[in-house]
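Both backbone and side-chain heavy atoms feed into the values below; hydrogens, waters and symmetry mates do not. Convention: sequence-line order gives letters A, B, ...; per-chain numbering from 1.
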Amino acid sequence: MRTKIPLLVCLVFGIMMFGQYFSAHPIAKAVYNNILEWWQIIFAFTLLVGVASFARNSLRNISQRKEPIHRSIALAGLLVMPVLALIGGTKTGSPFLWSFQNMLAPMQSTVFSLLAFFVASASYRGFRARTIPATILLVTALIVLIGRIPLAELISQSFPKITFWVQDYPSMAARRAILIGIGLGSMTTALRVILGIERTYLRGE
Amino acid sequence: MEIGTIIAGILTLAIYSFLYRDNPVYKAAESWLIGLSIGYALVVFWQSTIIDILIVPLFSEWRIILIIPLVLGLMMFSRFSSKTSWLSRIPIALMIGTGAGVAIPAMLYARTLKQMSASIMPLISENGTPNIEALVVLIGLLSTLAYFYFSREHKGVIGNAAKLGTYFLMIFFGATFGYTVMSRMSTFIGRVDFLLTDFLHLIK
Amino acid sequence: MVPVVLLVLVLRESVCAAQIEGQSPGWFNTDTTATLVFSFISLVIVLYAILSVRSGRRFKIREIPGLKAVDEAIGRATEMGAPILYTPGWGGDIQRPTTIASMNILSSVAERTAEYDCRLIYPTHDPVIMAVAQEVVKEGYAKAGYPDRFKPDDIFYISSSQFGYAAAVDGIISRIKPASIFLLGTFEAESLIMAETGNSIGSIQIAGTDSTIQLAFFIVACDYTLIGEELFAASGYLSQNESTLASVKAQDMIKILIALFIIAAMIWATIRPLSTWWKF
Amino acid sequence: MERLRTRWIIFLGLAAVVVISYTMNLPFKTSASPATEKAYKYIETLPESSVVIISFDHEASSLPEIQPIALAMLRHVFRKNLRVIGLSLFAEGTAIGYEMLNRTAGECNRNYGRDYVFLGFKPQYISAILGLGESIRRVFPEDYPGNKTDTLAIMRNIDTYDSVRMVISIADGDRTMQWIEYAGARYNQKVMAGLTAAMITSYDPYLSSGQLFAVVGGLRGAAEYELLYGRRAAGNRGMLAQSGAHAYVIALIIIGNIIFFRSRRRKREG
């Protein structure tokens with residue numbers, strides 16, 4: 001019963017949503033609209049559960065003295081935003097938006113900008129033309145790195161055109177094959193999930 | 001200078017301290033970041049979905065059918081005790097089944113059929129000269145597909161085709177690597193702009 | 001019972017919604033014919049592959065270079081008496097396909113490290129992945145006949161923060177200098193930090209993921225890289241999981257059809273440039 | 001320890017190159033790439049008060065790179081007096097999109113509710129994209145500030161993609177693919193993108209097949225768009241530093257490989 005019902009729900013909703021793609025009938029459309037709305041609502045609850053389990057793990061770690069300071073800072077951050085939203089709402093000028101713009105966004109983009117440094121250090125140490133494939137990769141990378149800055153036009157007017165040619169034909173052809181591969185992979189996985197053959201999503205409770 | 005910019009500047013430098021070494025100041029800033037981002041997401045989800053398309057329509061417009069997604073949503077909370085956690089499988093199954101159902105036609109049409117027909121071009125153009133681009137796309141596509149063909153060993157014709165496919169893949173990964181370096185540098189330049197203009201007022 | 005009730009309620013509410021709109025029912029939308037035909041062909045091929053695997057037929061998958069290197073990497077670690085480090089990356093939760101594929105490979109790596117009595121270290125960013133990984137490695141050690149060699153403390157949770165996790169793994173690599181490093185699973189920007197550090201201390205690195213951006217870094221910094229679909233095929237090859245093998249076989253068959261279609265349509269378009277039957 | 005010292009030297013070198021070249025504010029002419037030009041020309045030819053959806057499909061982490069692109073396109077769209085429906089399919093993109101929309105609308109003194117609206121965010125993005133094809137009001141009964149969508153002047157005769165000329169997805173990941181694969185495939189909706197540079201090669205097949213109308217990519221794309229639009233801003237401002245950073249990385253790759261080949265030759269001879 002614990003496995004039969006979920007598999008049946010998955011089958012029923014999978015077939016309905018697959019079938020409605022091919023129909024223009026108003027009933028099919030209305031069924032489709034309802035399910036889209038349910039999907040949105042349940043998905044939001046999934047994220048609420050995620051937030052609740054983060055809070056629970058943080059509290060448990062604090063009580064077990066595992067990195068208590070950092071966990072309580074994180075918990076404080078988790079509580080600050082909803083409290084600010086309750087007090088001042090979320091419109092322009094609200095403390096909620098203020099703390100997003102002056103704390104969350106700057107830190108998030110700074111963490112991401114760290115990668116510029118790691119790319120530079122890896123470029124010096126890690127990226128060796130050890131094999132033919134690695135050499136092709138590095139040469140293409142240089143064609144793009146040079147071609148997409150004004151330096152290219154100083155070398156020759158047609159340099160950017162070379163970069164675009166490499167990007168629009170050989171690189172695009174390989175990417176298209178990857179896309180087709182992923183497309184087929186997603187399709188077979190979706191079929192196995194709907195037919196109840198692939199059940200990994202039931203694990204990990 | 002505005003208090004917000006000062007705080008943003010200090011937090012930016014706290015994060016950059018990681019470049020020297022992983023240190024408590026960085027760890028504190030990052031924990032604060034993790035907490036804020038989860039708290040922010042909680043507010044935005046709550047308002048945009050739970051309130052807007054569940055509570056308001058259900059309790060003020062009386063769309064009774066919304067009781068079903070409400071109950072299914074609450075069943076997600078059953079995950080917190082091992083005795084009842086199997087109940088969460090039903091809403092998860094609904095989401096995964098729905099996602100799989102809409103994915104099949106999208107993957108087959110937009111990602112396979114459309115890409116196949118976009119690759120079809122006459123091999124000889126109107127003025128009789130060979131169409132190099134069409135040839136490169138055809139060879140690149142088929143040889144890369146050969147690389148991702150698993151039913152036969154990479155020997156003989158398939159082996160050579162797959163090797164050629166590797167080279168096309170390397171061109172794609174090389175171009176992606178070049179553009180990714182470009183992306184990371186732009187992000188760093190954006191932070192340098194903030195530090196030099198807004199925070200330190202060194203330049204206009 | 002529950003799904004039937006759900007279905008009836010949805011249909012009932014949809015029928016009244018449809019009557020309000022009052023459109024004439026046209027069941028099939030003819031614009032989607034091509035997709036329907038292709039869906040039907042794909043469904044038949046996948047079902048054929050699954051049923052034939054179920055009825056005992058074994059599909060052979062070609063040898064994957066990255067996987068041959070797994071034995072080589074474990075052998076090297078045993079000779080040097082140095083540990084092996086295995087990371088599933090920071091990017092995924094347990095339900096992501098790449099994380100599941102990584103678990104399948106982990107279980108066969110665990111069997112081999114049990115046999116050679118070589119230490120296997122597995123740092124992760126997600127408590128659920130840690131729990132499942134401990135289960136998988138324990139089963140691997142038991143299957144190899146050395147349950148006592150399994151050390152649960154070597155499979156541990158570090159931190160959910162991206163760079164906190166990368167920095168911690170960076171520190172572990174620099175300190176214990178693993179002979180071989182496996183980076184298989186779901187990666188984001190942190191891949192670069194770990195692969196570069198592993199490269200700089202000279203360990204054999206085998207990577208595999210489906211994110212094209214991280215693959216570009218792995219290919220240059222690691223010795224062997226499983227590219228996208230290869231990771232899924234490798235996990236099927238090692239686990240001999242029926243449905244994965246059937247899927248790989250079905251996808252191969254469809255790829256042949258696609259290649260034949262493209263070649264035929266290309267020749268046709270060259271002879272008759274104005275033809276359009278191949279346009280979707 | 002020696003490894004850490006080299007790493008710090010490389011870090012300091014990058015910081016120096018970028019900071020110095022950023023302070024030297026040298027304007028220079030860059031030729032526009034075909035994809036950027038196509039995006040600009042399309043918006044330039046749209047008749048007044050045509051409706052466009054602008055979706056902020058990115059996180060705060062890529063803000064420094066994505067903001068110049070978004071601002072350049074938003075200024076152009078508002079200067080052309082188009083009707084703009086803003087929304088976001090990423091939680092963090094919501095606050096960013098709301099702020100950028102208000103800022104650029106203010107610059108061209110467009111007013112909220114009549115010329116532009118910001119509908120806010122929906123977590124399940126495929127359900128939202130498909131839902132907009134059926135009824136925008138049903139997916140977004142209220143806008144981000146909380147007004148009833150029905151009461152907004154701009155939304156009067158708009159309820160599905162039929163009244164939307166173009167969806168512009170400002171993205172740092174694969175969310176634009178979902179616009180293409182769900183809105184494009186099922187509702188024939190035209191889709192254009194402003195992308196971080198890292199995502200450009202991943203979208204080339206859609207650009208070549210026409211499923212994606214045009215792309216404005218990276219800081220370089222923003223700089224090109226600003227020149228077409230006629231107002232230099234953050235994109236052009238960063239171009240010299242971008243060139244400096246690229247030259248620095250190119251040098252590191254070349255030097256690294258020279259050292260590698262020399263040590264390999266010594267090993268063979270030794």
Self-check item: Separation between CZ of B/F18 and CZ of A/F117, rounded to the nearest 0.5 Å
Solution: 12.5 Å
Self-check item: When B/G9, B/S82, B/G140, B/A8 are compared by non-hydrogen pairs under 4.5 Å with chain A, the top option
Solution: B/A8
Quiz item: Do you know which of B/T112, B/T176, B/V137, B/V192 has the most heavy-atom pairs under 4.5 Å to chain A?
Solution: B/V137
Quiz item: Is there a side-chain contact between B/I7 and A/W98 (heavy atoms, below 4.5 Å)?
Solution: yes
Quiz item: Are A/P170 and B/F172 side-chain neighbours, meaning at least one heavy-atom pair lies under 4.5 Å?
Solution: no
Quiz item: Taking C-beta and beyond as the side chain, do A/F45 and B/P91 meet within less than 4.5 Å on heavy atoms?
Solution: no
Self-check item: Counterpart residues, salt bridge (Lys or Arg N to Asp or Glu O under 4.0 Å), relative to A/R125 (two or more places apart)
Solution: C/E196
Practice problem: Provide the closest heavy-atom pair for A/M81 versus B/G39 in the form atom of the first, atom of the second, distance. | Solution: CB-C, 3.5 Å
Quiz item: Going by the angle between their ring planes, with limits at 30° and 60°, are B/Y40 and A/F96 parallel, tilted or perpendicular?
Solution: parallel
Quiz prompt | CD-OG1 distance between A/Q108 and B/T187, expressed to the nearest 0.5 angstrom | solution = 12.0 Å
Quiz item: Can you find a pair of side-chain heavy atoms, one from B/P105 and one from A/F18, that are under 4.5 Å apart?
Solution: yes
Practice problem: Could you walk me through whether A/I180 and B/L141 pass the side-chain contact (heavy atoms from CB on, under 4.5 Å) test, one step at a time? | Solution: CA-CA 10 Å; A/I180 290 175; B/L141 182 60; 4.3 Å; yes
Quiz item: Around A/L79, counting heavy atoms of other residues, nucleotides and ligands shown, do more than 12 lie under 6.0 Å from its CG?
Solution: yes
Quiz item: Any idea which of B/G190, B/S37, B/S183 has the most non-hydrogen atom pairs under 4.5 angstrom with chain A?
Solution: B/S37
Practice problem: Quick one: which of B/I34, B/V44, B/I38 has the most heavy-atom pairs under 4.5 Å with chain A, could you say? | Solution: B/I38
Quiz item: Have B/R191 and A/T110 got a donor and an acceptor in their side chains that come within less than 3.5 Å?
Solution: yes
Quiz item: For the residue pair B/T49 and A/Q40, what are the closest heavy atoms and their distance?
Solution: CG2-O, 3.7 Å
Quiz item: If you measure from CD1 on A/I132 to OG1 on B/T166, what distance do you get to the nearest 0.5 Å?
Solution: 10.5 Å
Quiz prompt | Best-contacting candidate, A/L138, A/T189, A/L48, against chain B by heavy atom pairs under 4.5 angstrom | solution = A/L48
Quiz item: Does the ring centre of B/Y109 sit less than 6.0 Å away from the ring centre of A/Y21?
Solution: no
Exercise. Might you point out which heavy atoms bring A/A116 and B/M185 nearest each other, and give the distance in Å?
Key: O-CE, 3.5 Å
Quiz item: Roughly how far, to the nearest 0.5 Å, is CE of A/M107 from CG of B/L11?
Solution: 5.0 Å
Practice problem: Evaluate the criterion side-chain contact (heavy atoms from CB on, under 4.5 Å) for residue pair A/W39 and B/V102; output intermediate values, then yes/no. | Solution: CA-CA 12 Å; A/W39 186 8; B/V102 295; 4.0 Å; yes
Exercise. Enumerate by number any residue of residues 145-153 of chain B whose heavy atoms lie under 4.5 Å from heavy atoms of chain A; in the absence of such residues, state 'none'.
Key: B/L145, B/F148
Quiz item: Of all of B/S186, B/S48, B/A118, B/A14, which one pairs up most often with chain A through heavy atoms under 4.5 Å apart?
Solution: B/A118
Quiz item: CG/A/L191 to CD1/B/I104 distance, rounded to the nearest 0.5 angstrom?
Solution: 4.0 Å
Quiz item: Can you find a heavy atom in the side chain of B/T98 that is under 4.5 Å from one in the side chain of A/Y32?
Solution: no
Quiz item: Strictly under 6.0 Å, is that where the ring centroids of A/F43 and B/F45 end up?
Solution: no
Practice problem: Return the minimal non-hydrogen interatomic distance between B/G73 and A/I42, and the atom names on each side. | Solution: N-CG1, 4.4 Å
Quiz item: Quick one: of B/R111, B/Q47, B/M107, who has the most non-hydrogen atom pairs under 4.5 Å with chain A?
Solution: B/R111
Exercise. Would you confirm whether B/R89, through its side chain, and A/R2, through its main-chain N or O, come within 3.5 Å as a donor-acceptor pair?
Key: yes
Practice problem: Compute the ring centroids of B/F188 and A/F112, then answer whether they are less than 6.0 Å apart. | Solution: no
Exercise. Heavy-atom distances under 4.5 Å only: say whether B/L138 touches chain A with side chain, backbone, both or neither.
Key: neither
Exercise. Side-chain contact test, heavy atoms from C-beta onward, threshold under 4.5 Å: evaluate it for A/F13 versus B/M95 and give yes or no.
Key: no
Exercise. Supply the atom-to-atom distance B/T180 OG1 to A/L115 CG, rounded to the nearest 0.5 angstrom.
Key: 10.0 Å
Self-check item: Part of residues 172-179 of chain A lying next to chain B, heavy-atom separation under 4.5 Å
Solution: A/M172, A/A173, A/A174, A/R175, A/R176, A/A177, A/I178, A/L179
Quiz prompt | Atom CD of B/E2: over 12 foreign heavy atoms under 6.0 Å | solution = yes
Quiz item: Where do A/V144 and B/A175 come nearest, in terms of heavy atoms and distance?
Solution: CG2-CA, 3.8 Å
Quiz item: Quick one: of A/V83, A/T135, A/L47, who has the most non-hydrogen atom pairs under 4.5 Å with chain B?
Solution: A/L47
Name the atoms and distances for all side-chain donor-acceptor pairs under 3.5 Å in residues 51-59 of chain B, with sequence neighbours left out.
none

Quiz item: Taking it one step at a time, do B/Y16 and A/S113 satisfy side-chain contact (heavy atoms from CB on, under 4.5 Å)?
Solution: CA-CA 9 Å; B/Y16 276 138; A/S113 73; 2.6 Å; yes
Practice problem: Could you check if a side-chain atom of A/T3 sits within less than 4.5 angstrom of a side-chain atom of B/W86, using non-hydrogen atoms only? | Solution: no
Practice problem: Identify the heavy atoms of A/C10 and B/G97 that sit nearest to each other, and give their distance. | Solution: SG-CA, 3.6 Å
